[in-house]
Amino acid sequence: MKQTDLIPNDDALRQALKRRAERRQTECPPPADLENLVMQRIMQQAESTAATGRKRQRSRVYSLILPALSAAAAVLIGILLWPDTEKPSAVIPGVGSQIAGIAKDETHPSTTTADIELQEQPLVAQQTKQISTPVHQLGSNRISTAREPISVGEGSSRRDETKEDRSRQADSAPTLADRTGNGADPQNNNHEPLEDLIAGLTIVPQSADLGSGVTMRLGEHCSVIEEHASPIPADKQALVDIYIAEAALQVAYQQRAQAEALRAYAASITGEETPKEIIAF
Amino acid sequence: MAQNEQQLINEILGGRTEAFGQLVSRYGGALTGFVASFVSHRADVDEVVQQSFVAAFEHLRRYDARRASFQTWLWRIAHHAALKHLKSQKRFTLFSDFAPGSAASPSGIVSPRPGSALGGFPTEPSTADVPSRRLKLLEAAIDSLPPTDQLLLNLYYTEERPLTDIAYILDTNANALGSRLYRIRQRLAQTIKRLEYETD
């Protein structure tokens with residue numbers, strides 16, 4: 001028998017398939033209540049779909065609102081915590097406007113460095129200058145020079161002063177006893193007593209590192225004056241350092257209190273609870 | 001008929017859900033026969049038929065009368081539902097589950113030959129006509145085909161549907177169906193030859 005004869009023709013296939021379908025219909029007749037079964041399943045499916053839809057709607061709302069709130073809170077917190085060196089100037093008004101007329105003294109390297117720093121922090125330099133004024137009253141020849149702002153060439157001009165000029169200034173300047181008594185300089189009305197100067201201090205630190213920086217600046221500033229006057233007593237120097245550090249800490253406390261107030265305000269907007277500080281300002 | 005059917009569909013889409021029962025009663029029998037042509041287990045057939053109608057109801061809005069008739073669209077859903085169900089059951093039934101002595105078993109069948117892949121095959125040469133014997137061999141060979149090939153043969157030879165409709169139901173290319181039919185018939189020939197050798 002040829003291979004091609006074995007391939008069933010269309011008629012043979014139709015007959016075989018027909019007999020097979022009849023057999024299958026006998027084996028698997030459709031259920032009598034097929035319509036009821038199908039409608040029941042449709043109703044059950046509709047109920048479960050409705051319940052799932054409600055759940056999805058709720059989760060969709062949550063999934064939209066929560067990220068938005070988180071993003072808004074993150075932006076607010078980022079703004080609050082943004083490290084800004086100019087923030088103290090902005091937070092505490094009037095600080096940036098007090099700029100002393102400090103210029104470089106190019107002839108003295110340390111003076112140049114100190115003056116640069118003083119230019120960056122004019123208030124510190126100004127206060128330092130003011131504080132150092134009564135401190136250095138021991139050296140009467142320093143009074144007039146310390147009171148005035150350090151200008152360009154002043155150091156060199158001072159350098160050019162002869163010893164005779166210095167002695168002349170020292171003789172004309174009031175003594176320490178006169179100054180400490182009433183705190184006023186009879187020759188210059190701009191001098192103030194130490195207590196008045198301290199009361200009027202409004203120092204703004206440039207960075208968190210106050211001690212070494214301030215000390216450095218003070219040291220350098222003093223080194224400029226030291227060229228022309230007698231050395232600063234150690235006890236007075238420490239007093240000035242301590243007072244400047246305390247004033248700087250006060251400024252820092254004020255900044256922190258303002259940051260906390262802003263943070264609390266942001267938390268009140270977002271509805272988040274903020275941890276209370278252990279130490280109250 | 002088509003217009004009434006379209007009106008019925010519009011009513012169902014309008015919210016009259018109970019009208020879908022008329023479609024179920026109209027196509028339930030034919031759909032059961034269609035699914036039974038390539039799904040063997042009774043429980044599977046019932047489950048696939050019900051799933052097909054539920055799926056048709058859920059996706060009734062997607063039905064496009066310009067693309068295919070409602071029956072063709074329903075057959076397509078049933079085909080996908082059957083394959084999905086069989087895959088989930090991990091049961092691709094290739095053979096008819098004839099039990100010896102059962103009412104469903106064809107006459108002349110004593111018991112499955114040991115080692116034979118097919119059940120219900122006669123152990124002795126039947127005294128019936130050769131064509132009858134060959135028809136039985138052919139039936140057995142068809143039962144040995146994969147479900148999709150059985151479905152293709154049923155759609156083409158029994159329901160006499162055009163190849164475009166069959167391609168839509170099976171979600172395949174119409175041009176490939178012709179060569180596929182030829183390969184199916186070659187496989188049937190090989191199976192019949194093997195069965196004849198086993199029975200001789």
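All values below were derived from every heavy atom in this structure, side-chain atoms included, with hydrogens, water molecules and symmetry-related copies excluded. Chain identifiers are assigned alphabetically (A, B, ...) following the order of the sequence lines, protein sequences preceding nucleic acid strands; residue numbering begins at 1 within each chain.
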- Item | Proximal to chain B - members of residues 29-42 of chain A, heavy-atom separation under 4.5 Å |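 Within residues 29-42 of chain A, near chain B: Pro29(A), Pro30(A), Pro31(A), Leu34(A), Glu35(A), Leu37(A), Val38(A), Met39(A), Arg41(A), Ile42(A).
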
- Item | Reported OH-to-CG distance for the pair Tyr157(B) and Leu17(A), which is rounded to 0.5 angstrom |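 Between Tyr157(B) OH and Leu17(A) CG, I get 8.5 Å after rounding to 0.5 Å.
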
- Message: Let me confirm one number: the CG-CZ distance from Asn154(B) to Arg20(A), rounded to the nearest 0.5 Å.
- Response: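 Asn154(B) CG to Arg20(A) CZ: 7.5 Å, rounded to 0.5 Å.
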
- Query: For the residue pair Leu138(B) and Ala16(A), what are the closest heavy atoms and their distance?
  - Reply: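 Heavy atoms only, the tightest pair is CD2-CB, 3.6 Å.
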
- Message: Ignoring hydrogens, what is the shortest heavy-atom contact between His41(B) and Arg24(A)? Give both atom names and the distance.
- Response: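 The answer is N-NH2, 4.4 Å.
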
- Might you confirm whether atom CZ of Arg180(B) has over 12 heavy atoms from other residues, nucleotides or ligands at distances under 6.0 Å?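 More than 12 within 6.0 Å, yes.
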
- What part of Glu18(B) gets closer than 4.5 Å to chain A, counting heavy atoms only: side chain, backbone, both or neither?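 Glu18(B) touches chain A through backbone heavy atoms alone.
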
